[in-house]
Amino acid sequence: MRFRMQSYNPQAIEEKRQEIWEQERVFRASEDGSREKYYLLEMFPYPSGKIHMGHVRNYSIGDVIARYKRMRGYNVLHPMGWDAFGMPAENAAIDRGIQPATWTYENIDYMRKQLKRLGFSYDWEREIATCDVDYYRWEQWIFLKMLEKGLVYRKNSPVNYCQKCQTVLANEQVEGGACWRCGETVIQKELTQWFFAITQYADELFEYCDKLPGWPERVLNMQRNWIGKSYGVEVNFPMEDGKPLTIFTTRPDTLFGVTFMVLAPEHPLATTLPKGTPHEQEVLAFVEKTKTQDKSFRAEMAVSKEGVFTGKYAINPLTHTKVPIYIGNFVLMEYGTGAIMSVPAHDQRDFEFAKEYNIPIIVTIMPEKTVLDPATMTEAYEGDGKMVNSGPFNGRQNREAIPSIIDYLEENKLGKRRINFRLRDWGISRQRYWGTPIPIIYCESCGTVPVPYDDLPVVLPVDLAVTMVGKSPLAECADFYQIECPLCKAPAKRETDTMDTFVESSWYFLKYACPDYNEGPLDSAKVNYWMPVDQYIGGVEHAVLHLLYSRFFNRVLNEFGLVSVREPFENLLTQGMVIKNGAKMSKSKGNVVDPEYMIKKYGADTARLFCLFASPPEKDLDWNDKGVEGCSRFLQRVWRLIAERINDMRDVEAIFEPLTSDSDAVQLTYLMHKTIKKVTEDIDRFHLNTAIARIMELVNGLYKFLEKDREGEDTKKLTRGAFETLVSLLFPFVPHIAEELWEMLGKDSRMIGKEWPRYNPQYVEEDTVLVVVQVNGKLRDRCEVDRDIDQEQLREIVLTLDNVKRHIEGKTVMKTIVVPNKLVNVVVK
RNA sequence: GCCUGGGUGGCGGAAUAGGUAGACGCAAGGGACUUAAAAUCCCUCGGGGCUCUGCUCUGUACGGGUUCGAUUCCCGUCCCAGGCACCA
């Protein structure tokens, strides 16, 4: 049978392959005890309308790993779904008068098509959309369970509020005082809100950062930073009425230098202490003024320290001296006890405050090289040194003295060891429509009543007229909120807030294991088969949002007995952004490249290849249209390499070792086996760009080899072996063209995804090696010698080289350093 | 200010363990094929110098150090990106 050579037509072959994959359901995963499982997960997208280049990159990286692991014999779970609740759906509804549900599901349909057109190997039968009732009903179940266990509570407190989005934001969702989504300045608002008690897990979440070796250090650092664990002590300063004023400090070594105390304006004592003193009015006015300022404004104001004296004093428990109590704008009620001891000599903030209000300064830590004098100091000394003015602790190194100071405080019941965290509980109430309804009912007589488990789900009405003004849409929908109390049957009102959409993404990775299970939230047997996620891939922007919440949620569900592992994600890869012309691709910058256009022009394989080749996964990817063309050229070159010769090769048997001693054939064999080794190692450490570079070298080598007209069956067989190897190596990166070429070679297309080529160790190290010769560390010559040659012999050979002789002439050889099979350095004087 | 990363050709990026700096690709220049163009193929390609198939000096942000040898390790400085920022 003779074939006419066809040119590379990506659209045709890609659609053909995709159809076969779909029909044969080749990416379906099921539990299989006979093989090692591998759960590969990429962060699921928000169905905003269209796939963007960031998605293409993220999912291309994931697909290489998924396909590669399958070829290595793993039972791979590679699912995809939709983070489908969220604000843009509501905005679209307002702008275009479409229901959020309609808009969302239409987007999902469109984007699913796009992902399929890119040829990613997902098990689409496990697809989930978080806005499906069958998904969020179990989220409501989890909420109720958490409520039972005391992990959910409701409280009135100042919260972050975005006026543009008209909703509350969690601390993690405020970036530099602005809304993470729209950039609007966040204000403080007093509201009653539901909270998840993530702080109960603060210590564990912090400590386990050391037990996640598969995570990038910078992500762990961001999490540690965010949780903010600090060791210190709570100290009681008795006041004149005998009651204690409790403060938290990490620097008990400066206790002897306390000259005043400061309370947060929100501190309960702030308004009661000054009663009856001449300072009362002034304090009340100050507290009022400061409290009404919102957080970011106050932070800005407090650059200059402001405060008022309460007229009252506290007693330093160590020195028994009387120190004045102030109210200050720079003290935060949310951290520690909302009150601090102030040591102006050794804390810059306290120093500034003391200077402002003429409060004395006492030095208690003396640096080694200088002498501190309170009268002349211009800033606080925050470093270490010898303790002075510190009674029994005088002369000791301050850091070393801390434990004994704390011991002393504890023994005398003056204070207590204490660890404080910066992390706050996660506020999850959102005054929005398109989210999971919080399953709670408010009854005049029974109070806050959880929706009974049997009454779940609380279904989000989808036929609602959405308006932007006023309260949350659900709060205006009587059909939704009017309900009878499950306990007393009296008319009652549903909670009309919905949950933060980060709740959905905190457990979706578990649901993929059992998407159709509906007897409970999760089928533990299946979940435990697949969990933990072996490799998670996504953007670094979720370092302290989604990734922290998920770790928290997984622990909670672990305690409910639904999953057996404590940490959900074993290994994490954070890929960089896609950049063009020096800026992140975005509509507002006008530098967007549409994946759809790329597919039309070059095909999915080229689009994928460029995303993988242009830079290593963790780095930002600089988009370059010319680079894309280069990738397209490469695929055409591969296509021609095989298609042009297929008539001669079709029925030839493949061999992977030369039967002749023809040096070119031997060289090709070495190249082939070395390439397998390099590509394997590179994929294993996610150096996908260099893996592709190696494959390009193999292609270049093959062209060079075939340049000469070669006769003989052996040559053909070896060439065929190299072709098969090449196509297999290409498969995880560019599956369509690889599978098509595989079939062109007359092989079963189902098999390419199951076999990863092996290399013969004998052919990765040549018998001779190139040894570099240096004289005094400078490269002077090189020579080809037998591998593992005797060192003495090598020394002799080296000294006969012309250029070496020239450089050592008239000098004495002091020593010769030999790095076997690599380098000789002759040291002369 | 603090904590992380990171600074390598015209560009994207290579260089597992301290051992040939610049793999692979893009761009650029030159050539072959062609009536021509596209496509394809070949050659050159960090900078300087020379007696130019070769040799030599220099070069991985900057300044020192360790070493036979440093892009790689150590100390100091500068710059860029990300995170945190009155957290007591």
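In what follows, chains carry the letters A, B, and so on, assigned in the order in which the sequence lines appear, proteins first and then strands, with residues in each chain numbered from 1. Just so it is clear, the structure is predicted and the values come from calculations on it, not from any experiment.
Taking every side-chain heavy atom of A:Trp226 into account, B:C84 is the closest of B:A88, B:U56, B:C84. Among the nucleotides B:A88, B:C24, B:U20, the one closest to the side chain of A:Ser230 is B:A88. Residue A:Asp622 has its side chain nearest to B:G12 when only B:G12, B:A23, B:G19 are considered. Side chain of A:Asn221, nearest nucleotide from B:C3, B:G12, B:C55: B:C3. When the nucleotides B:U4, B:C84, B:U56 are ranked by their closest atom to the side chain of A:Arg218, B:U4 comes out on top. Of the candidates B:G25, B:A23, B:G13, the closest approach to any side-chain atom of A:Asn700 belongs to B:G25. The side chain of A:Phe613 has B:G25 as its nearest neighbour among B:A88, B:G25, B:C84.
Contact annotation for A:Val331: base contact, defined as any heavy-atom pair under 4.0 Å involving a base atom. Among the atoms of the strands shown, base atoms are found under 4.0 Å from some heavy atom of A:Lys678. Here A:Pro616 lies in heavy-atom contact (under 4.0 Å) with sugar-phosphate atoms only. Across all strands, A:Asp350 comes closer than 4.0 Å to no nucleic acid atom at all (heavy-atom distances). Residue contacts shown for A:Asn420 are absent, as no nucleic acid heavy atom lies under 4.0 Å away. A:Ile692 comes within 4.0 angstrom of no nucleic acid atom, judged by non-hydrogen atoms across all strands. Residue contacts for A:Ser342: at a heavy-atom cut-off of 4.0 Å it reaches no nucleic acid atom on any strand shown. Among the atoms of the strands shown, only primed sugar atoms or phosphate atoms (P, OP1, OP2) are found under 4.0 Å from some heavy atom of A:His807. At a threshold of 4.0 angstrom between heavy atoms, the contacts of A:Gly630 are confined to the sugar-phosphate backbone, with no base atom among them.
Under the 3.5 Å distance criterion, with hydrogens and angles disregarded, no donor-acceptor pair is assigned to the side chains of A:Asn225 and A:Arg422. Using modelled atom types and a 3.5 Å distance limit, the side chains of A:Tyr335 and A:Ser230 yield a donor-acceptor pair. If you check the side chains of A:Asn221 and A:Arg218, you find no donor sitting under 3.5 Å from an acceptor. For the 3.5 Å distance criterion, the side chains of A:Asp682 and A:Thr690 qualify, holding a donor opposite an acceptor. Defined by atom type and a distance below 3.5 Å, a donor-acceptor pair is present between the side-chain atoms of A:Glu784 and A:Thr768.
Nucleotide B:C55 is shown with an anti base, its glycosidic torsion being more than 90° from 0. With its glycosidic angle more than 90° from 0, B:G12 is assigned anti.
Spacing between atom CG of A:Asp347 and atom P of B:C87 amounts to 8 Å, rounded to whole angstrom units. Atom NZ in A:Lys778 sits roughly 16 Å away from atom C1' in B:G19 (whole-Å rounding). Whole-Å rounding puts the A:Lys580 NZ to B:G12 P distance at 16 Å.
Side-chain N/O atoms of A:Asn225 include none lying less than 4.0 angstrom from OP1 or OP2 on B:C87. Distances shorter than 4.0 Å separate none of the side-chain N or O atoms of A:Asn689 from OP1 or OP2 on B:G25. The phosphate of B:G19 (OP1 or OP2) has no side-chain N or O of A:Lys822 nearer than 4.0 angstrom. Of the side-chain N and O atoms in A:His687, none sit less than 4.0 angstrom from OP1 or OP2 of B:G13. Residue A:Arg224 places no side-chain N or O under 4.0 Å from the OP1 or OP2 atom of B:C84. Taking only side-chain nitrogens and oxygens, A:Asn624 never comes nearer than 4.0 Å to OP1 or OP2 of B:G13. Checking the phosphate oxygens (OP1, OP2) of B:A85, a side-chain nitrogen or oxygen of A:Arg422 falls inside 4.0 Å.
Applying the ring pair (Phe, Tyr, Trp, His ring centres under 6.0 Å) criterion to A:Phe353, with sequence neighbours excluded, gives A:Phe260, A:Tyr326, A:Phe330, A:Tyr357.
The base of B:G19 sits within donor-acceptor range of the side chain of A:Gln774, with an N or O pair under 3.5 Å. Within 3.5 Å, a donor on the side chain of A:Arg424 pairs with an acceptor on the base of B:C87, or the reverse.
Across B:U60 and B:G25, the matching P atoms stand 26 Å from one another, rounded to whole Å. B:G54 sits 36 Å from B:G64 when the C1' atoms are compared, rounded to a whole Å. As rounded to the nearest Å, B:G5 and B:C75 have P atoms that lie 14 Å from one another. One P atom belongs to B:G10, the other to B:G6, and the distance between them is 23 Å to the nearest Å. B:A17 and B:U4 have their C1' atoms separated by 25 Å, given to the nearest Å. Taking atom C1' on both B:G65 and B:C87, the two are 40 Å apart, rounded to the nearest angstrom. Here the separation of B:C62 from B:A70, taken at their C1' atoms, is 16 Å to the nearest Å.
No more than 12 heavy atoms of other residues, nucleotides or ligands shown are found within 6.0 angstrom of CD on A:Glu809.
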Below 3.5 Å is the cut-off: list the nitrogen or oxygen pairs between protein and nucleotides 37-46 of chain B, distance only.
unit_1	atom_1	unit_2	atom_2	d
B:C41	OP1	A:Arg637	NH1	2.6

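Inter-residue side-chain proximity for A:Phe237 and A:Val258 is flagged as met; some heavy-atom pair is nearer than 4.5 Å.
Helical stems in RNA chain B, defined as runs of 3 or more consecutive Watson-Crick or G-U wobble pairs with both donor-acceptor distances under 3.5 Å, are listed by first residue as B:1-7 with B:78-84, B:10-12 with B:24-26, B:28-32 with B:40-44, B:46-50 with B:54-58, B:61-65 with B:73-77.
Each of A:Arg685 and A:Leu779 was assigned the nucleotide of RNA chain B with the nearest heavy atom; the assignment lying further toward the 5' end belongs to A:Arg685.
Rounded to the nearest 0.5 Å, atoms NZ (A:Lys584) and CG (A:Asp620) are 9.5 Å apart.
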